Protein chains: 2
Amino acid sequence: MRAIFIAVGSELLDHDKIDTNSLYIARKLGEKGILIDMKMVVGDNRDNLSWTIKNACKRSQLVIVSGGLGPTEDDITRESAADALKLKLVFNDDIVADIEEMFRVRGIDMPQINKRQAFVLDGAEVLSNSAGTAPGQYFDDGKVRLLLLPGPPKEMIPIFDKILEEKISPLSNFHIYKRILKFGGITESEADSMISGIYRRYKNPITTILASPGLIEVHLLGRAKKDIEEIKELTDQVAEDIREKIGEYLITEEDVRIEELIIREMTRLGLSLSVAESCTGGGLGNVLTNVPGSSEVFLGGVIPYSNELKTGILDVKEETLKKHGAVSKHAAKEMAENVRKLTGSDIGVSITGIAGPGGGTSKKPVGLVFMHMSTPEKETGEYRIFPGDREVVKIRTINYCLNMIFKYLKHDKV
Amino acid sequence: MRAIFIAVGSELLDHDKIDTNSLYIARKLGEKGILIDMKMVVGDNRDNLSWTIKNACKRSQLVIVSGGLGPTEDDITRESAADALKLKLVFNDDIVADIEEMFRVRGIDMPQINKRQAFVLDGAEVLSNSAGTAPGQYFDDGKVRLLLLPGPPKEMIPIFDKILEEKISPLSNFHIYKRILKFGGITESEADSMISGIYRRYKNPITTILASPGLIEVHLLGRAKKDIEEIKELTDQVAEDIREKIGEYLITEEDVRIEELIIREMTRLGLSLSVAESCTGGGLGNVLTNVPGSSEVFLGGVIPYSNELKTGILDVKEETLKKHGAVSKHAAKEMAENVRKLTGSDIGVSITGIAGPGGGTSKKPVGLVFMHMSTPEKETGEYRIFPGDREVVKIRTINYCLNMIFKYLKHDKV
């Protein structure tokens, strides 16, 4: 099956915003053997959008629209889809009740304008939205398949994932076999130069390397119309060959984030963690506490951004800062040890560095970050000079620390 | 004049690459008063691309295509454009001579395959490419205006800039005037129900509302054929009317992030800030420290995720937690006051809440967050029940706090 994706929103036609929902949708559809033929971006213009939806439905078996389902007058996806398919919009009382309830728990009366979100294409299934007021809609009359999704990724993704599994995936006549390998502590180009000789020999499975600062994912996607077994075997072989080359950097073959693995492993082992974050300003704690259940493991910590907090709350010696500076392995070690003592955690992780753009010197350049992990078994101090701007240096640091914690759990604790 | 942009290339339909040429082109066209109505991304498929070009030319006065002008078989833009406009492709000897010369200086014979790049739409102007072998083409018969550009930005930009100045800009009879207003502490639907009566009266300026959890941007875009002054005045009037309605929620009319404004204002005022973040786990500190120069203002703070850290480092009274719970206005107040004392900052901000998905009760549901700001002038305690999943609740909380800090700086400090 092939699909067309339409992103709605005048802001997506401007010079500073771009649709990225299509990246997520392309990946998830690809895993089901469904390819995107075309993408369109249309502004908040009913005539343009209804024309686009109408023609997309003529040219493709599946049309996915994201955006334009909000409550305001310039949210015109519902009306445009109705125009395109010559369908009525039906008012749905259940949706209004849901939205009213959502406002009620927040102690607010529902603005009348939100009633616009209760209009549904005649015959479409309502796809409930747990993260916002705009429900999705899925219309399938056997000829046309049209999926309307809200624009914000946090709302779009859960709705899309659910309908993909329940309704769209069964329509695909391709079988898919997927392997994911996640690596840390190796750059994209290092990894690629070591494994490209393996995967470039094959067009099937398709190999994709996704890199975020400090973490790399290798996706292998095998596709077959009938018998998946043969391509499955080949995909597994490619995965094995890749593991053989860079297995020492392997984090997981599960499709979970490294912070989830850490929380899960630490919960299993009954361990606790605290942080002392200077240049990341709380970013590591933020990532760890994105994981449900992290309160079982993560005690919290200190953000000693100023030197006064380093020597104050964290009790780093004045002398250490004077002699080695706040950005030094000595300061990092004391920070990690002291936050561990202060909180009574099993593991203490510290970060101190120069995120930039200012503050660098020839001896301590921008991007220099010292990280330290204090545990019952051992002390681990590391430093790196990370490339990139301020935010990228912070993200690389956070990912590096996650990898450091994970490696400890894997090698020293299992 | 209005335009449609088409990006060509199967790789742009995958999950890891995205067209960005349109951002550059949108900005440059916008400066000339030309707006993009739609963007399309089409793979290397002649049928799909010729259909797209044909329909784009029907719907728009200017169609710009980038990509698909290379020498290989899957570069199908020339043929697709010829199909779409029912034009012949004419072989152009001068182009071949140019390409041969380009190879000659590199000491290589031109591969025969590059001759494909010498075919030009009958009647089109050849746009020479100093950075690569693929020339651009510009076709204008008074009805259809079609611009074909190479895909790589290094090649695309010089060709586009030149033709924009020489041929396209003179066709535009529009001038542009833009205003941006950013609001916080009000939902999209609340804002819209209060201001839609103002902006809906006008098709010019065009009003767009962009919402992220807890923050809203209103963009006003005025366009005029000759004299911009009149529409500028009207756009300013609409902005004023919107300010009059929801001015109390206004953050800024600058195109900067609220955290940048906070750091800038606090630096100017010589104020310092500390945080005590429970359920956000360091997320507020993370956002603040994304701003260069934040170390002038942000001292750091505590992440008292566990109750032991709340009563320990932060010295919240055991009795407060016992009587009111860790998620309470009383705990939030002590946390903010104590982090302010502990760090010696002018402002202390605290956060304690239930991010979910677990931990909610009927009296204290998931999403309930208490926030407190302690300053020399006053104590501000607020609570909200934020909708959304764990990460969304955290982001809404962070944005709410940023807004709380900003309001204080604006109203109590100026």
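Please read all numbers here as calculations on a predicted model, not as lab measurements. Order of the sequence lines sets the chain letters (A, B, ...), proteins ahead of strands, with each chain counted from 1.
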With a sphere of 6.0 Å drawn around OH of B/Y383, does it hold more than 12 non-hydrogen atoms of other residues, nucleotides or ligands?
no
Top residue by heavy-atom pair count (under 4.5 Å) with chain A, among B/G367, B/P365, B/G301, B/G285?
B/G301
What part of B/V275 is in contact with chain A, defined as an atom under 4.5 angstrom from a non-hydrogen atom: side chain, backbone, both or neither?
side chain
Most contacts with chain B, counted as non-hydrogen pairs under 4.5 angstrom, among A/V302, A/N290, A/I36, A/I113
A/N290
Select, from A/R59, A/R106, A/R27, A/K394, the one with the greatest count of heavy-atom pairs under 4.5 Å involving chain B.
A/R59
Any donor-acceptor pair under 3.5 Å linking the side chain of A/K39 with the backbone of B/L12?
yes
Keeping A/K17 on the side-chain end and B/L23 on the backbone end, is there a donor-acceptor pair under 3.5 Å?
no
If we define contacts as heavy-atom pairs under 4.5 Å, which of A/T280, A/I303, A/D37, A/V291 has the most with chain B?
A/I303
Taking all non-hydrogen atoms of both residues into account, name the closest pair between B/N286 and A/G282 and its distance.
CB-C, 4.1 Å
In this structure, are over 12 heavy atoms from other groups packed under 6.0 Å from B/E296 atom CD?
no
In terms of heavy-atom proximity below 4.5 Å to chain A, should B/S295 be classed as side chain, backbone, both, or neither?
both
For B/R200 and A/D74: C-alpha separation, side-chain torsions, deciding distance, then whether salt bridge (charged side-chain N to carboxylate O under 4.0 Å, His left out) applies.
CA-CA 9 Å; B/R200 274 198 209 136; A/D74 63 0; over 6 Å; no
Output the option from A/N48, A/N45, A/V42 having the highest count of non-hydrogen pairs under 4.5 Å with chain B.
A/N48
Does any non-hydrogen side-chain atom of A/M38 lie less than 4.5 Å from one of B/I6?
no
For chain B, which residues of residues 308-316 of chain A have heavy atoms nearer than 4.5 angstrom:
A/L309, A/I313
Using non-hydrogen atoms and a 4.5 Å limit, figure out which bit of B/S272 sits close to chain A: side chain, backbone, both or neither.
neither
Would you find more than 12 non-hydrogen atoms of other residues, nucleotides or ligands less than 6.0 Å from B/K54 atom NZ?
no
Could you tell me which portion of B/P292 (side chain, backbone, both or neither) has an atom closer than 4.5 angstrom to a non-hydrogen atom of chain A?
both
What residue in A/N55, A/I398, A/I25 has the most heavy-atom pairs under 4.5 Å with chain B?
A/N55
Taking the side chain as every heavy atom from C-beta outward, state whether A/T289 and B/E277 have any atom pair closer than 4.5 Å.
no
Relative to chain A, which of B/G388, B/P387, B/S22 shows the most heavy atom pairs under 4.5 Å?
B/P387
Could you look at B/K28 and say if it's the side chain, the backbone, both or neither that has a heavy atom under 4.5 Å from chain A?
neither
Does the A/K154 side chain pair with the main chain of B/E391, one donor and one acceptor, at a distance under 3.5 Å?
no
Check step by step if side chain to side chain contact (heavy atoms under 4.5 Å, CB included) holds for A/D44 and B/T208.
CA-CA 9 Å; A/D44 304 318; B/T208 316; 4.2 Å; yes
Heaviest contributor of heavy-atom pairs below 4.5 Å to chain B, chosen from A/F298, A/F5, A/W51, is A/W51
Pairwise distance OH(B/Y199) to OG1(A/T72) - rounded to 0.5 angstrom
4.5 Å
With a 4.0 Å cut-off on N to O distance, would you call A/D14 and B/K178 a salt bridge?
yes
With side chains defined as the heavy atoms from C-beta onward, is the minimum distance between A/M40 and B/I4 less than 4.5 Å?
no
A/D109 versus chain B, heavy atoms under 4.5 Å apart: side chain, backbone, both or neither?
neither
B/S274 versus chain A, heavy atoms under 4.5 Å apart: side chain, backbone, both or neither?
neither
Considering all heavy atoms, the nearest A/F103-B/S189 contact
CZ-OG, 3.7 Å
d(A/I18 CD1, B/I18 CD1) to nearest 0.5 Å is 5.0 Å
Between B/S306, B/A26, B/G344, which has the largest tally of heavy atom pairs under 4.5 Å with chain A?
B/S306
Among B/L299, B/V392, B/D192, B/I385, the residue with the most heavy-atom pairs under 4.5 Å to chain A is B/L299
Atom OG of B/S196 and atom CD of A/E73: how far apart are they, to the nearest 0.5 Å?
7.0 Å
Between B/S294 and A/R390, is a side chain to side chain contact (heavy atoms under 4.5 Å, CB included) present by the stated rule, with each step listed?
CA-CA 11 Å; B/S294 50; A/R390 187 178 178 85; 3.1 Å; yes
